[in-house]
A.B. asks: 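Take this structure first; my questions come after.
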Number of protein chains: 2
Amino acid sequence: MTKKVIRNSVSTEDYLKGIYRLTGETDEFATTNAIAESLGISAPSVTGMLKKLAQSRLVQHSPYHGVRLTAAGRSRAVKILRRHRLVELFLHKCLRMNWDEIHQEAEVLEHALSERLESRIDEWLGHPRFDPHGAPIPDAAGNIIPRNVLKLSEIEARCDAIVAQVMGQDAELLSYFKERRIFPNRRITVLEKEKFGGSLKVRVSGKIQFIGLRAAQQILVEQL
Amino acid sequence: MTKKVIRNSVSTEDYLKGIYRLTGETDEFATTNAIAESLGISAPSVTGMLKKLAQSRLVQHSPYHGVRLTAAGRSRAVKILRRHRLVELFLHKCLRMNWDEIHQEAEVLEHALSERLESRIDEWLGHPRFDPHGAPIPDAAGNIIPRNVLKLSEIEARCDAIVAQVMGQDAELLSYFKERRIFPNRRITVLEKEKFGGSLKVRVSGKIQFIGLRAAQQILVEQL
DNA sequence: TCTTTTATTTAGGTATACCTAAATATTTCC
DNA sequence: GGAAATATTTAGGTATACCTAAATAAAAGA
């Protein structure tokens with residue numbers, strides 16, 4: 001027992017991706033509850049799965065504390081992330097799918113790509129570096145372009161910035177951004193910040209508008 | 001118990017597709033062993049699964065005799081077949097994937113397409129009617145173009161025909177056809193048939209060559 | 001510090017889909 | 001018709017990945 005099984009399941013990939021999303025390239029631990037919430041799975045189920053992932057040396061499990069990805073686990077997570085973002089961009093560019101539909105499709109397709117198909121799509125796209133939401137696409141070796149980004153909500157009033165990325169998980173939020181013409185590479189100026197977590201008054205794409213705090217936390221910018 | 005559960009699994013889709021491949025549009029029964037062999041699963045496992053599919057009203061199960069698809073089961077099978085063939089053609093046309101690679105990819109991707117993506121691909125391809133192996137692609141309603149085809153092995157010597165379809169499951173066999181330039185829509189003439197299941201001497205694409213009987217059974221033609 | 005709250009894990013159970021070995025039904029052949 | 005061969009099903013078991021309820025550990029607050 002406690003043998004090191006090879007885990008190729010969709011579940012395994014979803015856990016690794018979820019943990020990576022929580023901890024990024026840091027060596028922080030992701031907590032059981034955070035993982036449970038992000039995957040929509042009960043905490044006891046998560047505990048059980050984390051033990052299996054630890055046996056397969058994909059995560060390091062520190063009981064009652066959390067897990068962090070091993071090198072192998074991180075590499076698998078980055079691979080899925082690459083596939084997810086390549087697929088999003090491909091669906092958008094080749095098949096003209098909407099900005100707010102592609103995430104949902106990619107969530108399934110990322111688990112169905114072979115190595116071969118991944119690289120064909122990468123070639124078709126010309127080895128792209130960013131997906132349609134502005135998220136960096138890891139290269140075939142797993143390297144990610146380092147960026148210096150802040151949440152829009154953290155920018156001071158009267159500051160200029162460039163939209164780097166909008167978080168693309170939620171179709172409703174993406175429609176919100178679309179309506180307000182908030183897209184990667186657009187210049188954005190924070191005009192005013194209401195106190196105590198209120199809206200931000202900004203100018204973007206020539207229009208002055210208000211953005212809720214929750215939305216502003218989902219927009220990454222490069223400050224100028 | 002014995003409730004009518006909704007079955008959306010990859011396994012379910014593979015069984016329905018497999019049964020359809022065995023029986024086509026006829027009302028014949030597929031036997032347990034034939035299904036087991038075609039899916040590479042043990043016969044007892046197949047029996048168990050057929051009972052579940054019968055409970056979900058996707059097949060009609062006649063114990064010790066076999067199963068046949070219900071209308072619902074056939075419709076699901078044809079949908080998967082449509083997706084499989086659309087994906088094959090798309091990979092070939094858009095991503096320039098080889099004739100003998102696309103089946104393997106489609107085998108996975110067919111289970112990962114949404115309705116929306118299926119129809120985007122269909123549009124991109126211009127509502128195609130045949131896949132790269134010459135197999136007819138069912139339309140969105142599930143209708144399949146009727147054809148009048150024979151196996152090449154059934155054609156009399158000194159007869160002319162047009163290659164309609166090469167069976168595309170096996171990459172090795174497809175390479176064999178590729179080498180011999182046997183593609184859909186090519187004219188093929190059977191020059192001689194060796195007795196007792198020997199090779200066929202044919203002319204195709206201007207070249208005279210021999211085709212093994214097993215291969216000739218995997219080539220469908222329209223007799224002229 | 002000690003109690004309460006929160007987070008995590010253990011215990012026990014479910015569904016899906018597969019397996020082998022053994023039993024039983026069906027078909028084939030003499 | 002009956003024995004042998006073949007096909008199918010039953011019985012019992014495994015692995016994956018999920019669940020709820022209960023127990024326990026850790027963190028927070030008085």
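Letters go in sequence order (proteins before strands), and every chain restarts at 1.
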A.B. asks: Using the side chain to side chain donor-acceptor pair (under 3.5 Å) criterion, which residues pair with Ser42(A)? Sequence neighbours excluded.
C.D. replies: Ser45(A)
A.B. asks: For Thr47(B), which contact category applies under a 4.0 Å heavy-atom criterion: base, sugar-phosphate, or nothing?
C.D. replies: base
A.B. asks: Could you tell me how far apart Lys51(A) (NZ) and dT8(C) (P) are, to the nearest whole angstrom?
C.D. replies: 14 Å
A.B. asks: Side-chain donor-acceptor pair under 3.5 Å between Asp14(A) and His111(A), yes or no?
C.D. replies: yes
A.B. asks: Starting from P on dT27(C), measure out to NE2 on His65(B) and report it in whole angstrom.
C.D. replies: 8 Å
A.B. asks: Over 60° means perpendicular and under 30° means parallel, so classify the ring planes of His133(B) and Trp99(B), tilted if in between.
C.D. replies: tilted
A.B. asks: Would you tell me if any nitrogen or oxygen in the side chain of Asn33(B) comes within less than 4.0 Å of OP1 or OP2 on dT6(D)?
C.D. replies: no
A.B. asks: Just the rounded figure in Å: distance from C1' of dT9(C) to CG of Leu50(A).
C.D. replies: 11 Å
A.B. asks: Check the surroundings of atom CZ in Arg147(B): do more than 12 heavy atoms from other residues, nucleotides or ligands lie under 6.0 Å from it?
C.D. replies: yes
A.B. asks: Take the protein atom CZ of Phe29(B) and the nucleotide atom P of dT8(D), then report the distance between them rounded to whole Å.
C.D. replies: 13 Å
A.B. asks: Summarise protein proximity over nucleotides 16-26 of chain D in one line of letters, 5' to 3': B for base, S for sugar-phosphate only, - for none, counting protein heavy atoms closer than 4.0 Å.
C.D. replies: SBSBBB---SS
A.B. asks: Output every pair passing ring-ring contact (aromatic ring centres under 6.0 Å, His included) with a member in residues 8-47 of chain B, not counting sequence neighbours, ordered by first then second residue.
C.D. replies: Phe29(B)-His65(B)
A.B. asks: Are Glu154(B) and Lys193(B) close enough for a salt bridge, meaning some N to O gap below 4.0 Å?
C.D. replies: no
A.B. asks: Can you tell me if the side-chain N/O atoms of Thr31(A) get under 4.0 Å from OP1 or OP2 in dA7(C)?
C.D. replies: no
A.B. asks: So, is His61(A) close to the dT9(C) phosphate, meaning a side-chain N or O under 4.0 Å from OP1 or OP2?
C.D. replies: yes
